[in-house]
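Chain naming here is simple, since letters A, B, ... match the order of the sequence lines and numbering starts at 1 in each.
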Protein chains: 2
Amino acid sequence: MTRRHNRTRAERGIPEATVARLPVYLRALHSLQERGVVTVSSEELAAAAGVNSAKLRKDLSHLGSYGTRGVGYEVDYLIYQISRELGLTQDWVVAIIGVGNLGRALAGYGGFASRGFRVAALLDADPAVVGAEIAGLTVRHIDELERVIDEHGVSIAVIATPASAAQALCDRVVAAGVTSVLNFAPVVLSVPEGVEVRKVDLSIELQILAFHEQRKAGGPGESAADDWSKGLSGHGDGPRRERPPGTSEYIEAVEA
Amino acid sequence: MTRRHNRTRAERGIPEATVARLPVYLRALHSLQERGVVTVSSEELAAAAGVNSAKLRKDLSHLGSYGTRGVGYEVDYLIYQISRELGLTQDWVVAIIGVGNLGRALAGYGGFASRGFRVAALLDADPAVVGAEIAGLTVRHIDELERVIDEHGVSIAVIATPASAAQALCDRVVAAGVTSVLNFAPVVLSVPEGVEVRKVDLSIELQILAFHEQRKAGGPGESAADDWSKGLSGHGDGPRRERPPGTSEYIEAVEA
DNA sequence: GACTGTGAAACCATTCACAGCT
DNA sequence: AGCTGTGAATGGTTTCACAGTC
């Protein structure tokens, strides 16, 4: 069922693919706004956002009819409409859990504050960090997690801890009422129905690049496609380049 | 045209969606491997990777027929095959450009080294950082970019600079022969044909979360859908919550 | 009996091309 | 004349369901 009465358009339900691009359009629009541009065509905006214009128009059409035929889109107005659709016209209270290098980078990241994300708390388990002042906030001990979430009305938790700690912390923030989690730890978090998790994985992107890079240079296939003795388990002498056996595979942290 | 003779299967050309999931499977497999698991069914592996089993099987079928009916997949063997397909059985030389908090986090990230990504160089423009030793490397000055790329045979550049510097640096690494770029700066980079760029955007994910979070709580729609005076340009009194006008919109850096 | 590999069906996303408005 | 908004066409991805293999 859809939601209530069918107002004008945008019969609720913007495709995920579109939602994922709206922030990109928003950024491009802000940049145009700063340069004093008042009106922009789908062609121009699409170029600035790195997509093609048909896609841009289809995406925007899901929000409503905010352009003017023969003219284009008014920059300020479109910024407002996209911001509203994304929920950026209200503040979101964010807690960052794990204050290693990544947590610090996130804490100080200007792109959050300027978009309505207010980092209200930093938490860590390491006594050496607890109490320190970072980006204007005092780092609290992870034991205080539930209290801090409650105190500040945190609605989004950012997990920037080692993988080993992530699931347990995720469980705690969810139990404390948080329903949106942004996970930087290299694990698949499981959460109950109704909780949204998004993942940013610093190494997955590199692996995807490696795949394409390899393709450019002849690819795998031919060379040594099957120098692995299937059926004989144990490590055999498989891969062309053995990795030093000490490099304990994974479980690895996001931190230095 | 496909590639040469049609070996067994996997007539070259793995869908992008599949490529993007292979690293996730790989991680799940490594974790199983560490726990001593020898064989895994599509159902179990899918659960560990957070996808459904039909998708997993279809994905793996693009690489080849590496499972055994009635039994499942041999963990070691599958790790090897996926690694090979992703190009992780060879080393990739990476340079990190921009050594703020994010650059540091990346430099020390264990998940890179253990996957065949060798961070060979760190570069920055800030004289206060140049010469410092971070994660076992001495930070070089950005002026030396081309020399460093050449010296080490860098094939992947990671850009972790403020947005304002990103495009120019990207142009330089591309001119120096790099064909894969991982971009953390909040800008759309343009590159010539044949160069692969991937983007990780710390704030886009948060914005997507905000969108869904807002949905849970009644959404926009009803309330104040059109309190913006279209046609009257200038800032009007639009959004429900005005942001402090000082918060200079974007152009913002990834750094603290 | 158990589980993979895969056609076929269903679904979603992108692109095309043009009617419709300004 | 110029540009948006959108049906229709295309292409890609996910899911279903089961034949084939161990």
Close N/O contacts between protein and nucleotides 19-21 of chain D (under 3.5 Å):
residue : atom : partner  : partner atom : Å
dG20(D) : N3   : Arg69(B) : NH1          : 3.1

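- Between Leu78(A) atom CG and dC3(D) atom C1' there is a gap of 15 Å when expressed in whole angstrom units.
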Check against side-chain hydrogen bond (donor to acceptor under 3.5 Å, both in side chains), Arg57(A) and Ser42(A): CA-CA 6 Å; Arg57(A) 287 199 303 279; Ser42(A) 63; 3.1 Å; yes
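- Checking side-chain atoms of Glu43(A) against main-chain N and O of Ser53(A) turns up no donor-acceptor pair under 3.5 Å.
- One can place CG of Leu63(A) at 12 Å from P of dT6(D), the figure rounded to the nearest angstrom.
- For the pair Ala185(B) and Thr161(B), the tightest heavy-atom approach, listed with the atom from each and the gap, is CB-O, 3.5 Å.
- Put simply, Thr68(B) has no side-chain N or O that comes within less than 4.0 Å of OP1 or OP2 on dC22(D).
- One can place CD1 of Ile14(A) at 16 Å from C1' of dC12(C), the figure rounded to the nearest angstrom.
- For the pair Ser65(A) and dG5(D), the criterion of a side-chain N or O lying under 4.0 Å from OP1 or OP2 is met.
- Atom OH of Tyr77(B) is separated from atom C1' of dT4(C) by 15 Å (rounded to the nearest Å).
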Polar atom pairs (N or O), protein with nucleotides 11-18 of chain D, under 3.5 Å:
residue : atom : partner  : partner atom : Å
dT14(D) : OP1  : Arg21(B) : NH1          : 2.9
dT14(D) : OP2  : Arg21(B) : NH1          : 3.2
dT14(D) : OP2  : Arg21(B) : NH2          : 2.7
dT15(D) : OP2  : Asn52(B) : ND2          : 2.9
dT15(D) : O4   : Lys58(B) : NZ           : 3.3

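- Atom CD of Glu44(A) is separated from atom C1' of dG2(D) by 12 Å (rounded to the nearest Å).
- Residue Tyr66(A) has no polar side-chain atom (N or O) positioned under 4.0 Å from OP1 or OP2 of dC3(D).
- Side-chain N or O atoms of Gln214(B) include one that pairs as donor or acceptor with a backbone N or O of Glu85(A) at under 3.5 Å.
- Not one N or O on the side chain of Gln33(A) forms a donor-acceptor pair closer than 3.5 Å with the backbone of Asp76(A).
- Of the side-chain N and O atoms in Tyr73(A), one or more sit less than 4.0 angstrom from OP1 or OP2 of dG5(D).
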